[in-house]
Amino acid sequence: MTSTLTPQPVERAKPARTGAVARLPTRVLALPEARWAAAATVLFLLALPLQLTGAPAWTWGPLYALSYVTGGWEPGWEGLKALKDRTLDVDLLMVVAALGAAAIGQVMDGALLIVIFATSGALEALATARTADSVRGLLDLAPATATRLSPDGSEQTVAVEELMVGDIVLVRPGERVGADGRVLDGASEVDQATITGEPLPVPKERGDEVFAGTLNGTGALRVRVERDASDSVIARIVRMVQEASETKAPTQLFIEKVEQRYSLGMVAVTLAVFLVPLAFGAQLTDALLRAMTFMIVASPCAVVLATMPPLLSAIANAGRHGVLVKSAVVMERLGQVDAVALDKTGTLTGGSPRVTDVRPLPGSGLDERALLTLAAAAERPSEHPLARAVVDAARERGLDLPDAQDFTSAPGVGITAVVGGRTVTVGAPARLLDDNDGTAAELEESGRTAVLVVVDGVPAGLLGIADRLRPDATATVASLTRLTGSAPVLLTGDNPRAAAHVAGEAGIDDVRAGLLPQDKLDAVREMESAGRKVLVVGDGVNDAPALAAAHTGIAMGRAGSDLALETADAVIVRDELAAVPATVALSRRARRLVVQNLVIAGVFIAGLVVWDLAGDLPLPLGVAGHEGSTVLVGLNGLRLLREGAWQRAAAGESG
């Protein structure tokens, strides 16, 4: 069912008040489209068993009539309004066809058609509303208030909307940054994954830029505001998602692309079939019966139903394998993509840092197990992501960790603790080590984060930490390259060295690193302006504008942000990256079946129409032929429900 729903503008979030209730997502029945569709469905389900069990017509007839009214008035009204603009859409013809079916006794068939279209419209309205909910929720990432410092050093809590360019704000440990700005004083590590997608917190010192909504670590920062709240990166992401959603080309199923000519032609011929015999003296009843027969056998619903089963079967099959494709339009579009852009953190990689190297330094007297034991014991009290990675590595190796005493943390430097009577410091090599042998530089050049372990003041070893490539990433890149004819592009906000390392492992040559959300959006638009149909795969808030603007967007579901999940056209629920090329291949098979079904439906419609116009087609036979062709193409489309269809798609067979 086509729709003209437009997302409502999203206003800037107001400052939160104490005890404020969290914003809830739109409920299904809060939408009028959903209420009308539910009413039509309930009425249909009440009438159907009465009719099938032979109950009197007066018991089920009014129920069907109410189903027609509740489910059909909206598309009918929209179709009538479209007529004022001299546009004839297929929705209005579906309502007319349903009424025509009722007029010649096919009441149940017409009601079923009404219910299908009403339900489709309700699902589209719900998707639009939930996307708007997620955009509004994004604004909640930025805090409602900030601590502004006066020239005399006093503190004042103000709403972030009141901050002016040039104001100085204090960001305490664990707080979110209130505005885009630059650090004047202090040192800390800031988690800015929501903006750049970087998996690890970024050290911030005097002169470094920080963004509203990012999470401060253990140090305090004084920040000079450089942008108004309405122009912050978070606010710009919201605007970019809205603009991309509104300017994205309208999506249509194949049959909808020719609906105008088909609809006008069918109406004209139906009128001719009715009026011409009357002009030559035919009986009114006979002319009307022939015209109604023509409308049934030539009805566009036959072609629409021939189109939907393969796409819906593909959606159901993908759903069984952890891929949520949001509509038949999306399933059709997935098969059209000829270029792919991948995010790094959380998409190609797992999104959480892991220890990849344990390297004791010469003369330390420690082996790998002893070095990792001391480092993990010292890091255990810390909440830093790198510390958790070190502790997890020790536990995976089955190491027993002694207790640590006198734990201290210095933002931007590292931590210090006493383990078994030995003072252990874990931190950045640049601050603690004269890297004469180049070990730390070697780790960092290979895309790892180097961490130095110092024992009793003597450098004892280095740990290499990196975000690991997903096990199926390389095979996925190869499959996507084979399907689209070109290798995917890597779009990431991470640093160039880490991005190049991951891309090299995955088999990607085109790497674009250090990108903000606007840069990712520009990269996708550049590819699409060159005539490519781009599939974007990502998981974060920073991916949302690109997901919205792309020909098709897929979000990784397990760790994906709410905005990415709602903006994307499909969601990989189980976080299996290999499901991306499998879904594309399945879509291509569905598109081939759609073409087959359209040919079958077209042959049946042409044959029945010729019979009705040139001969005397009995109405029951016309209905049987029309319904028989629908059953045939339906069974053909249902082939994609079989497990073998997914297995062939996963093996890269799109034909």
What closest approach, in Å, do [X] and [Y] show between heavy atoms, and which atom pair accounts for it?
| X | Y | result |
| --- | --- | --- |
| Gly538 | Leu547 | N-CD2, 4.2 Å |
| Asp539 | Gly346 | OD2-CA, 3.8 Å |
| Pro49 | Leu45 | CD-O, 2.8 Å |
| Ala645 | Leu640 | CB-O, 3.8 Å |
| Ala544 | Thr567 | O-CG2, 3.6 Å |
| Ala40 | Val115 | O-CG2, 3.8 Å |

Nearest 0.5 angstrom please: [X] [atom1] to [Y] [atom2], how far?
| X | Y | atom1 | atom2 | value |
| --- | --- | --- | --- | --- |
| Asp569 | His551 | CG | NE2 | 9.0 Å |
| Leu63 | Trp58 | CG | CH2 | 10.5 Å |
| Glu576 | Thr476 | CD | OG1 | 10.0 Å |
| Leu66 | Leu43 | CG | CG | 5.5 Å |
| Asp543 | Ile554 | CG | CD1 | 13.0 Å |

Hey, does [Y] have a side-chain heavy atom less than 4.5 Å from the side chain of [X]?
| X | Y | answer |
| --- | --- | --- |
| Val524 | Leu491 | yes |
| Val580 | Leu480 | yes |
| Leu577 | Met556 | yes |
| Ile315 | Val330 | no |
| Leu593 | Arg639 | yes |

Next item on the list: Please name all residues satisfying side-chain hydrogen bond (donor to acceptor under 3.5 Å, both in side chains) with Gln51, sequence neighbours left out, ordered by chain then number.
Entry: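 Here the qualifying residues are Tyr64.
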Notebook entry, point to check: side-chain hydrogen bond (donor to acceptor under 3.5 Å, both in side chains) with Thr347: which residues, sequence neighbours excluded?
Noted result: Asp343
Could you check whether any side-chain N or O of [X] sits under 3.5 Å from a backbone N or O of [Y], counting only pairs where one atom can act as donor and the other as acceptor?
| X | Y | result |
| --- | --- | --- |
| Arg588 | Leu483 | yes |
| Ser587 | Met331 | yes |
| Lys326 | Ala568 | yes |
| Trp646 | Asn317 | no |
| Asp338 | Arg532 | no |

Next item on the list: Scan side-chain atoms only and decide if His321 and Glu643 contain a donor-acceptor pair under the 3.5 Å cut-off.
Entry: yes
